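Only one structure is covered here, and it is reproduced in the block below.
Remember, it's 1-based here, ligands and their atoms both numbered in the order they're listed. Along the sequence shown, the residues carry numbers beginning at 1. Keep in mind the model is a prediction, meaning the values are calculated, not measured.
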Amino acid sequence: MAASTTKNPITTPPTLQPGRKKNKIIVIMGATEPENPALLSISPPGLITLLMLCTSHKESTKKMESLKECTGTTVSSSQALPLHTLHPLRRTFFNRVFASVYTCAILALVYHHVLTLFNCRNVAFFSVTLSILLSDLVLAFMWVASQSFHMRPVHRKEYPENLEKVMKSSDFPALDVFICTADPYKEPPINVVNTALSVMAYDYPTEKVSVYVSDDGGSALTLFAFMEAAKFASHWLPFCREKNIMVRSPEVYFSTSNHSWCSETEKIKALYESMKSRVEHVVETGNVSDKYVNGDEEREAFSKWTDGFTRQDHPTVIQVFLENIKDTDITGHLLPNLIYVSRQKSKTSRHNFKAGALNTLLRVSAVMTNAPIVLTLDCDMYSNDPKTPLRVLCYVCDSATRSDLSYVQFPQCFRGLNKNDIYASEIKRVFEINPLGMDGLKGPDYLGTGTFFCRRAFFGDPSTFMSPEIPQLHPNHAVDEPLKSPSILSLAHQVAGCNYENQTNWGSKIGFQYGSLVEDYYTGYRLHCEGWRSIFCHPERPAFYGDAPIALVDLINQYKRWVIGLLEVTFSKYSTLTFGIRRIGLMGLSYAHYSCWPFWAIPITVYAFLPQLALLKGVSIFPKVSEPWFLLYSFLFIGAYAKECLEFILEGSTFRKWWNDQRIWMIRGLTCFLFGSIEYLLQSFGISASGFNVTSKVLDDEQSKRYEQEIFEFGVPSPMFVTLATSAIINLFSFFKGFLDIISGNNMEGLFLQMFLAGFLMVNCLPVYEAMFLRIDKGKLPTKITLISTFLAGALYAAASLIFQ
Ligand SMILES: O=c1ccn([C@@H]2O[C@H](COP(=O)(O)OP(=O)(O)O[C@H]3O[C@H](CO)[C@@H](O)[C@H](O)[C@H]3O)[C@@H](O)[C@H]2O)c(=O)[nH]1
Ligand SMILES: [Mn+2]
């Protein structure tokens, strides 16, 4: 271990360097049950403050029984000064009772299917029953796996105000922020700049903050945008501090009206607008014209973009825009570090998409600043609360939670969604409800953005440290030279090289995990398997806000990428179903629930076609209304839907949003889950290769307008729309066929459930019919798709006629 001798302002304080042996510091351990108020860690001056406070609380002092030597500065808090608290959700008991009852119902259903299967007299019926059994088994598995989210959901609360009482800000650990961007045309540089400015302006000692921007697009346009951002930051940061504004993304701040306008605001706004127009102009024209480049240093920066420089093939570019030991803002206050990194690319080496970019940043930042805390942020998110890092310290500096804490996750929250969130872009279950449940076990999964990591977690499990290849990457290594010193810069370039990772543990045992397109999910999963835990921090005011896609095709393409990534995990050596469940039990089930998401395509497709085709032919496949099994079906359906809905509303949502959420679940089953699984299969046979298709963050005015009016956006002829439209047509016809039968006096008792199902899907598909037959705008379903779907529906009907003779 490289124990440091010299210290520089950006080195990490001993507080968070668990490996250090020289500083022996006393720790007072307190009660460690999770329900108890937190223990916290502070530096010696804070320790004295705390001991004074403790003497006035003899009760709680008694609880701190053991004095223990430790390698970090930690101390436990008295109950009077909790840093965080945890409360199990009240509905847990109800959840468990419901789960028991529902399990019995599922077992009864399986028994019923098996019984029916044995009584089948012909092949057609046998295959129908078998398909339904298979579908119900998938649904049952998904349901069982999802119960892990309901066994011990918890809510946490932090008290950053207490932190400030016991810890001096000069003792705060340093923070490295990683912002990823990959394409200047899909991710406008001005938005990336806003993301960066919002975190540079954190209410945190600026000399401890470093912002690293990873540009996988290798674009001079993005570099230019950051050159501009660095200049603007010297006005923006003091302005934010002085006015104590909350939303520190200038774009968002200036586009909302709830702030006081004064001449200074006007001045800053004008500065922002002029920067924005320069950046946008450069993006529009596609190159940085000479008039925007001043001085040799700036010119030098762009000189790397030579003729042979392409996105897929270029040398490393590292540009330090701001240095926190010398660059000051207009009031003379130091600015945080701002560093642009575009890792080396070559067509012959693997880049591992975002995970590769993040690992490069882990190394480059280790060489340059090596902060013990690392925040990963996507370029489509901005900070909505400047005090967020303090919340994180409440956990990271607490001796009770600290030892095996790998990351603190904030929910992904979105702005600009329409009133009822028609595409359920909030993904409330994944980003908010389920993490509460996982937090009661070993902690939320990693959501890819809004995550504060402890750097140590990337190097082996909590008890065994996994050494990186060179000592400079060790999480305890203290950087003792300025950022721009030649030795630092040359090492940074070396570790950003595209062959650097060959024959190393990066991506497998060290850093972010490779091998899955959902690197976030996979990395979190592997960390939990190694014995780390995580924490879900869910403050009332969202810590970050992001953008969600507003066109259906973008949305399902995004999900398709996730599906492929999830299947990559399901069928890997570390499959959640085998390795995961064995290693981490209930948590493994939570992860298995996600990794098996794509299997939902099976029941959804079967239930969207089979009962309806049978209904068209007048064949009954479900129990009659008068049979007792009918009650079982009703309970299973109503029980599942009602409980989901209730939970949604209890977590602060509305009925309409829940309705849209369940509709999109159905749509996903018929589109991206199905096509993603097929694409995964093709990929496994080596027929195709899938990459990380970055979601477009560019808004089209007309599209935005339709989105505001809650109109579904189809527009492009995606093959994924074909299955959806075909099923919509079949459900429509089968429902009306059933309806006509009732009118003409037929006994429909045996077909009631099928009619109900067709009706339910039909209501869900209303926007599809509208897009097929009624709309003329650009977002309607392309005529080509309607025609193909109608033809397919006809073919399916003909096939059904042969089967159900
Ligand atoms: O080769 C790549 C591809 C993507 N990105 C960045 O990855 C982030 C996420 O990409 P985006 O297109 O916004 O994907 P989403 O599906 O919206 O992202 C979700 O899903 C991803 C995994 O598929 C996670 O990485 C994200 O954190 C999570 O928000 C963006 O900042 C990109 O710039 C890279 O840096 N390099
Ligand atoms: Mn995104």
Item to complete: Taking ring pair (Phe, Tyr, Trp, His ring centres under 6.0 Å) as the test, write out the residues that go with F453, two or more places apart.
Response: Y407, Y446, F458, F512
Fill in: Residues R561, E679: salt bridge by 4.0 Å N-O rule
no
Worksheet item: Salt bridge check: are E426 and K657 linked by an N-O gap of less than 4.0 Å?
Response: yes
Response to the item:
Quick look: D216 vs ligand 1, heavy-atom contacts under 4.0 Å, and the answer is side chain
Practice prompt. Report the C-alpha separation of D176 and R455 in whole Å, then their side-chain angles, then the decisive distance to 0.1 Å, and conclude whether the salt bridge (charged side-chain N to carboxylate O under 4.0 Å, His left out) test is met.
Written response: CA-CA 10 Å; D176 285 346; R455 192 182 280 266; 2.8 Å; yes
Item to complete: Output all residues satisfying side chain to side chain contact (heavy atoms under 4.5 Å, CB included) with I602, sequence neighbours left out; order by chain, then residue number.
Response: L134, S135, V138
Worksheet item: Taking non-hydrogen atoms only, is W562 closer than 4.0 angstrom to ligand 1 via side chain, backbone, both or neither?
Response: side chain
Discussion item. Does only the side chain of Q412 get under 4.0 Å from ligand 1, or the backbone, or both, or neither? Count heavy atoms.
Written reply: side chain
Worksheet item: Less than 3.5 Å between some nitrogen or oxygen of S214 and one of ligand 1, yes or no?
Response: no
Worksheet, complete the sentence: Those residues at least two apart in sequence (or on a different chain) that pass side chain to side chain donor-acceptor pair (under 3.5 Å) with D445 are none
Fill in: Cationic tip of R526 above Y574 ring, under 6.0 Å, 45° of axis
yes
Item to complete: Output, by chain and residue number, all protein N/O/S atoms separated from the Mn ion (ligand 2) by less than 2.8 Å.
Response: D380 OD2
